[in-house]
Asks: 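Got a structure here, written out as structure tokens. Questions coming.
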Amino acid sequence: MSPLEEAPARLEGKYVAMVVCWLLGNGCLFSWNSMLTIEDYYVQLFPRYHPSRVLTLVYQPFALGTLAILAYKEAKINTRKRNLFGYGLFFISSLLVLVLDLATSGKGGIGTFIGICVISGAFGLADAHVQGGMVGDLSFMTHELVQSFLAGLAASGALTSALRLITKAAFETSANGLRKGAILFFSIATFFEFLCFILYAYIFPKLPIVKYYRSKAASEGSKTVSSDLAAAGIQTLPEETDKQFERLNNKELLLQNVDYAIDMFLIYVLTLSIFPGFLSEDTGSHSLGTWYALVLIAMYNVWDLIGRYIPLVKFLKLESRKGLMVAVLSRFLLIPAFYFTAKYGDQGWMIMLTSILGLTNGYLTVCVLTSAPKGYKGPEQNALGNLLVLFLIGGIFAGVTLDWLWLIGKGW
């Protein structure tokens with residue numbers, strides 16, 4: 001088939017693909033965000049165990065360790081199995097949160113807490129499979145699909161926050177209202193993860209635009225897409241000699257894109273050393289009372305989502321590598337800003353700072369992840385997408401660890 005006949009078909013299904021990517025992005029963090037968002041239920045259930053920090057600290061090493069292995073072996077891994085395993089694990093783990101809560105009828109205790117921690121680890125494992133796998137897979141397609149997936153990641157935060165505010169308002173006065181809200185939350189999460197599994201397994205691979213880019217990647221020597229193409233009814237050609245498909249290895253790719261990798265790392269180190277631990281525990285008490293932390297987290301999530309749509313406007317997208325580095329470094333001024341605002345400022349300033357944190361986080365993430373893969377072949381773009389997500393998760397892990405520093409001098 002000549003490229004001319006291919007071109008019109010390639011654009012078919014682009015908007016459907018964007019919606020599906022958005023939903024898949026949403027599913028990638030929906031369960032974990034649900035767990036973070038019902039934090040106040042866990043804080044009430046396990047007051048002595050610092051759940052808001054411990055759960056994140058359990059989740060992260062699993063996500064980071066698994067992703068490091070997957071990024072290293074990325075060229076040989078079957079992307080389809082990888083992503084389906086991830087979404088399947090999300091579904092089972094979300095279901096287990098419900099089962100655990102109903103089985104113990106909402107009682108605390110160390111046994112239940114360990115159970116929740118194990119599930120948190122499973123979420124980390126699933127996240128590493130899905131996030132790296134999807135960003136890698138979409139990196140050799142059009143940048144709008146990467147952007148949609150990343151916007152979906154942020155939307156899961158915004159949606160869970162909105163739902164949390166609604167459930168808090170609805171159940172606040174009733175007996176064990178927190179628990180009812182938490183159960184409702186995980187019922188929605190379980191259903192949603194199941195939906196994502198079905199979408200990725202049966203809908204996504206059959207979209208014309210996805211078939212087009214996957215066939216193109218296969219023709220450039222990508223071995224990761226073969227079973228996805230088979231699911232869409234396309235047989236890949238028998239393997240040609242590897243000589244024809246010389247590609248940069250991971251080390252070379254990393255050296256060429258080390259600034260992008262550092263950008264990703266630093267964006268998330270900063271974000272997670274402030275959000276959500278510092279915001280949910282260390283902001284003092286204000287007239288908003290128990291609503292305060294929830295409002296801050298909701299503001300962060302909404303602005304993070306808005307930030308991820310700004311780069312769609314061509315002239316607002318920052319593509320210069322130096323510019324990105326400067327923008328990323330200048331965000332570190334937010335640390336003293338947050339510290340002094342928490343100490344002396346009022347809630348209006350705190351909400352504004354949290355919004356800036358979210359906006360810059362979303363905007364810079366999309367700018368980096370859509371600029372970096374340009375000019376590489378399919379398999380290299382896939383590898384680079386995986387490497388950048390590895391640095392992103394590494395940044396999150398470092399940020400979460402640094403988050404404990406705010407506790408110094410608080411009787412720890």
Side-chain angles (χ1 to χ4, degrees), residues 24-36 53-97 114-139 146 149-150 152-153 156-157 189 193 196-197 200-201 223-225 227-228 249-251 253-254 261 264-265 267-269 271-272 365 369 379 381-401 403:
L24 289 171
N26 216 318
C28 179
L29 284 182
F30 199 86
S31 299
W32 172 241
N33 273 326
S34 300
M35 198 173 238
L36 282 186
R53 288 190 163 94
V54 173
L55 286 177
T56 321
L57 218 56
V58 171
Y59 171 88
Q60 289 308 329
F62 279 97
L64 188 61
T66 313
L67 194 61
I69 296 165
L70 291 172
Y72 182 66
K73 302 239 183 248
E74 169 277 325
K76 297 180 188 67
I77 290 170
N78 175 333
T79 306
R80 182 174 174 79
K81 279 186 189 156
R82 171 181 177 172
N83 287 336
L84 288 177
F85 173 79
Y87 283 119
L89 186 57
F90 271 134
F91 168 64
I92 293 163
S93 311
S94 306
L95 193 60
L96 284 177
V97 174
I114 290 171
I116 296 284
C117 286
V118 170
I119 294 171
S120 178
F123 282 156
L125 192 67
D127 181 39
H129 280 78
V130 171
Q131 202 170 336
M134 286 298 297
V135 171
D137 209 14
L138 298 173
S139 290
V146 180
F149 180 78
L150 294 172
L153 290 180
S156 70
E193 296 300 348
C196 284
F197 184 84
Y200 188 80
K223 297 190 177 81
T224 55
V225 291
S227 62
D228 278 309
N249 61 28
N250 285 0
K251 192 177 168 190
L253 273 174
L254 194 54
M264 288 314 290
F265 183 79
I267 290 170
Y268 283 86
V269 163
T271 301
L272 275 111
T365 303
L369 282 176
Q381 291 172 320
N382 190 343
L384 183 57
N386 272 283
L387 287 171
L388 290 176
V389 172
L390 178 62
F391 276 85
L392 183 159
I393 303 262
I396 292 179
F397 185 52
V400 168
T401 319
D403 192 32

Asks: Check L29 against S156 and note the closest heavy-atom contact, atom names and distance.
Replies: CB-OG, 3.4 Å
Asks: For T79 and D137, test the side chains for any donor-to-acceptor distance below 3.5 angstrom and give the result as yes or no.
Replies: no
Asks: How many angstroms lie between atom CG of N78 and atom CG of N83, to the nearest 0.5 angstrom?
Replies: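 The CG atom of N83 is 9.5 Å from CG of N78, to the nearest 0.5 Å.
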Asks: With Y268 as reference, evaluate V400, T365, I393 under the side chain to side chain contact (heavy atoms under 4.5 Å, CB included) test and give the passing residue.
Replies: T365
Asks: Between V269 and A398, which heavy-atom pair has the shortest distance, and what is it?
Replies: CG2-CB, 3.9 Å
Asks: Looking at OG1 of T66 and CG of L390, how far apart are the two atoms once the value is rounded to the nearest 0.5 Å?
Replies: 11.0 Å
Asks: Hey, does the side chain of N250 reach the backbone of L387 with a donor-acceptor pair shorter than 3.5 angstrom?
Replies: no
Asks: Heavy atoms only: give me the nearest L89-A122 pair and the separation to one decimal.
Replies: CD2-O, 3.5 Å
Asks: Rounded to the nearest 0.5 Å, what separates atom CD1 in I396 from atom OG1 in T271?
Replies: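 It comes to 8.5 Å.
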Asks: Does some side-chain heavy atom of T56 sit less than 4.5 Å from a side-chain heavy atom of L36?
Replies: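 The answer is yes; the side chains approach within 4.5 Å.
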Asks: Indicate yes or no for a side-chain donor-acceptor contact from S120 to the backbone of I116 under 3.5 Å, with no hydrogens or angles considered.
Replies: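 Not at all, since once roles are kept as given, no pair shorter than 3.5 Å links the two residues.
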Asks: Nearest 0.5 Å please: distance from the OH atom of Y59 over to the CZ atom of F397.
Replies: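 Output value for this atom pair is 13.0 Å.
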Asks: Could you grab the distance from atom CG of N386 to atom CD1 of I77, nearest 0.5 Å is fine?
Replies: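 Spacing of CG (N386) from CD1 (I77) equals 7.5 Å.
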Asks: If you look at every heavy atom in F391 and L254, which pair is closest and at what distance?
Replies: CE1-CD1, 3.6 Å
Asks: Measure the acute angle between the ring planes of F90 and F123, then classify it against the limits of 30° and 60° as parallel, tilted or perpendicular.
Replies: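 Rings of F90 and F123: tilted, as their planes differ by 30° to 60°.
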Asks: Side chains of L369 and L150: does their closest heavy-atom pair fall under 4.5 Å?
Replies: yes
Asks: Please name the pair of heavy atoms, one in E193 and one in S94, separated by the smallest distance, quoted to 0.1 Å.
Replies: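 Taking E193 first and S94 second, the nearest heavy atoms are CG-OG, 3.9 Å.
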Asks: Go through F91 and S31 one step at a time and tell me if the side-chain contact (heavy atoms from CB on, under 4.5 Å) criterion holds.
Replies: CA-CA 8 Å; F91 168 64; S31 299; over 6 Å; no
Asks: Mind running side-chain contact (heavy atoms from CB on, under 4.5 Å) on L392 and L388 for me, showing each step along the way?
Replies: CA-CA 6 Å; L392 183 159; L388 290 176; over 6 Å; no
Asks: Grab the two heavy atoms, one from S139 and one from G385, that are nearest each other, plus how far apart they are.
Replies: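 Heavy atoms only, the tightest pair is OG-CA, 3.7 Å.
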Asks: Distance from Y200 atom OH to M134 atom CE, nearest 0.5 Å?
Replies: 6.0 Å
Asks: Give a yes or no answer on whether the side chain of Y87 reaches the backbone of A201 with a donor-acceptor pair at less than 3.5 Å.
Replies: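 No; zero donor-acceptor contacts below 3.5 Å.
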